[in-house]
Amino acid sequence: MDKKPLVAITGASSGIGESTARAFSAAGHPLLLMARRLDRLKALNLPNAVLRQVDVRDRAAIAAAVADAEAEHGPVDMMFVNAGIARLGDIAQQPPEDWDEMIDINVKGVMNTVHAVMNGMIARKQGTLVMMSSIAGRKVYPDHTVYCGTKFFVHAVSESLREYLAPHDVRVIVLSPGIINTEVLDHVKDETTLANYKANKEAIGGGISADIVGDLILNAYQLPQRALVQEIVITPTRQKY
């Protein structure tokens, strides 16, 4: 059996990143798993996985992790640009440091991650970028102001990258989840915003499993290279907004 290509994931220690790692591992792919919590990566106990403690704000660290994994398993064929943070809250009350963190991770971190693999994919005329956005990258919410801005950025950059990379046969998939059962609420410090989010989640019967999203990414990736699912928007059936 031919060796399957390397798949890289940032923010792989939990949530959709973890579920995607499990899905691709089960499908036989070697992995480069990157996150700030190395202990959580080790606890996944996945075979053929290169584990690196990486903060996506550190461009050199991502590049070094990619180089290490490629030396062992060959070129990265898919990069899931997944790492992000949601500091939701009342924009008039929110400390600007929360804005800085979201912009540094959700905007600069995205570009750092793309930069680590893009030129290699262009040279090989092969590759897939999966860009983590959000339903909040398609519509705005009053208590998501800067977060929405970072996710609208992901959409805009992804559309531009798709046009730029299409002649090189490199695919760009935007993932826009709604309410998924992940640790996203752990980053929300505004008590009113947190209470409203939880109430809305309960009203629609809860979020959906991150495993469903990981399987969707795998299915989209497994299509022939000349076939592209440009965007995946997935929400609970009862989520109306």
Side-chain angles (χ1 to χ4, degrees), residues 7-12 14-21 23 34-35 56-57 62 78-88 98-99 101-118 121 127-166 170-185 187-188 197 200-201 207-221 228-236 239-241:
V7 167
I9 302 171
T10 62
S14 65
I16 294 172
E18 175 185 343
S19 293
T20 303
M34 295 170 280
V56 294
R57 292 171 287 192
I62 302 173
M78 189 191 93
M79 172 65 84
F80 183 17
V81 188
N82 171 64
I85 193 165
R87 296 288 190 202
L88 312 181
D98 285 0
W99 312 343
E101 188 177 24
M102 284 186 285
I103 292 167
D104 286 346
I105 294 174
N106 300 0
V107 173
K108 295 178 183 178
V110 163
M111 297 312 300
N112 290 341
T113 305
V114 169
H115 183 261
V117 296
M118 180 173 60
M121 290 180 176
T128 302
L129 296 172
V130 179
M131 310 288 284
M132 174 59 90
S133 184
S134 168
I135 199 74
R138 297 171 57 86
K139 56 183 73 177
V140 296
Y141 303 86
D143 53 1
H144 288 48
T145 306
V146 175
Y147 181 72
C148 282
T150 66
K151 293 305 183 179
F152 270 73
F153 172 89
V154 171
H155 267 79
V157 163
S158 298
E159 292 295 326
S160 179
L161 282 172
R162 185 182 295 121
E163 186 170 337
Y164 180 81
L165 293 172
V170 176
R171 302 183 296 186
V172 179
I173 300 170
V174 179
L175 175 64
S176 301
I179 297 178
I180 313 297
N181 291 329
T182 69
E183 297 179 1
V184 65
L185 294 181
H187 304 298
V188 179
Y197 191 108
N200 180 51
K201 184 176 180 180
I208 59 176
S209 170
D211 296 342
I212 295 171
V213 186
D215 289 342
L216 266 180
I217 296 171
L218 176 62
N219 290 340
Y221 171 78
L228 170 62
V229 177
Q230 292 194 5
E231 185 173 359
I232 298 170
V233 183
I234 179 166
T235 69
Q239 183 177 347
K240 297 180 287 186
Y241 59 89

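Quick note: numbers below take in every heavy atom, side chains included, and nothing from hydrogens, waters or symmetry partners. Keep in mind that this is a model prediction, so the values were computed, not measured.
- Annotation for A23 and L218: closest pair O-CD2, 3.8 Å, computed over non-hydrogen atoms.
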Pair V146-R87, side chain to side chain contact (heavy atoms under 4.5 Å, CB included): steps then yes or no: CA-CA 8 Å; V146 175; R87 296 288 190 202; over 6 Å; no
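- The shortest heavy-atom contact between T150 and M102 is CG2-O, 3.9 Å.
- Annotation: the span from N112 atom CG to T10 atom OG1 amounts to 10.5 Å, rounded to 0.5 Å.
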Steps toward side chain to side chain contact (heavy atoms under 4.5 Å, CB included) verdict (M34, T113): CA-CA 11 Å; M34 295 170 280; T113 305; 5.5 Å; no
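- If you take CE on M132 and NZ on K151, they are separated by 6.5 Å, rounding to the nearest 0.5 Å.
- Applying the side chain to side chain contact (heavy atoms under 4.5 Å, CB included) test between V213 and each of T182, I234, T20 identifies I234 as the sole match.
- In plain terms, the two heavy atoms of L129 and V114 that are nearest each other are CD1-CG1, 4.2 Å.
- When each of T235, I135, I208, N200 is checked for a side chain to side chain contact (heavy atoms under 4.5 Å, CB included) with I179, only N200 meets the rule.
- R57 contributes atom CZ, which lies 6.0 Å from atom CD of E101 (distance to the nearest 0.5 angstrom).
- Side-chain contact annotation: S209 with N181, donor-acceptor N/O pair under 3.5 Å absent.
- The CG atom of L175 sits 8.5 Å away from atom CD of E231, with the distance rounded to the nearest 0.5 Å.
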Trace of the side chain to side chain contact (heavy atoms under 4.5 Å, CB included) decision for Y221 with I173: CA-CA 9 Å; Y221 171 78; I173 300 170; 5.7 Å; no
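- Note that CZ of R138 and OG of S176 are 6.0 Å apart. Values are rounded to the nearest 0.5 Å.
- Contact annotation: the side chain of F80 approaches that of I217 to within less than 4.5 Å [non-hydrogen atoms, C-beta and beyond].
- Contact record, L161 with M118: CD2-SD, 3.8 Å, taken as the closest heavy-atom pair.
- Here CG of N106 is found 6.5 Å from OH of Y147. Values are rounded to the nearest 0.5 Å.
- Closest approach of A136 and H144 over heavy atoms only: CB-CD2, 4.2 Å.
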Worked check of side chain to side chain contact (heavy atoms under 4.5 Å, CB included) between L88 and Y197: CA-CA 10 Å; L88 312 181; Y197 191 108; 4.2 Å; yes
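- Residues V140 and F152 meet the side-chain proximity criterion, which asks for heavy atoms closer than 4.5 Å.
- Side chain of N82 to backbone of G11: a donor-acceptor contact under 3.5 angstrom is found.
- When every heavy atom of R171 is checked against every heavy atom of A220, the shortest pair comes out as NH1-O, 3.8 Å.
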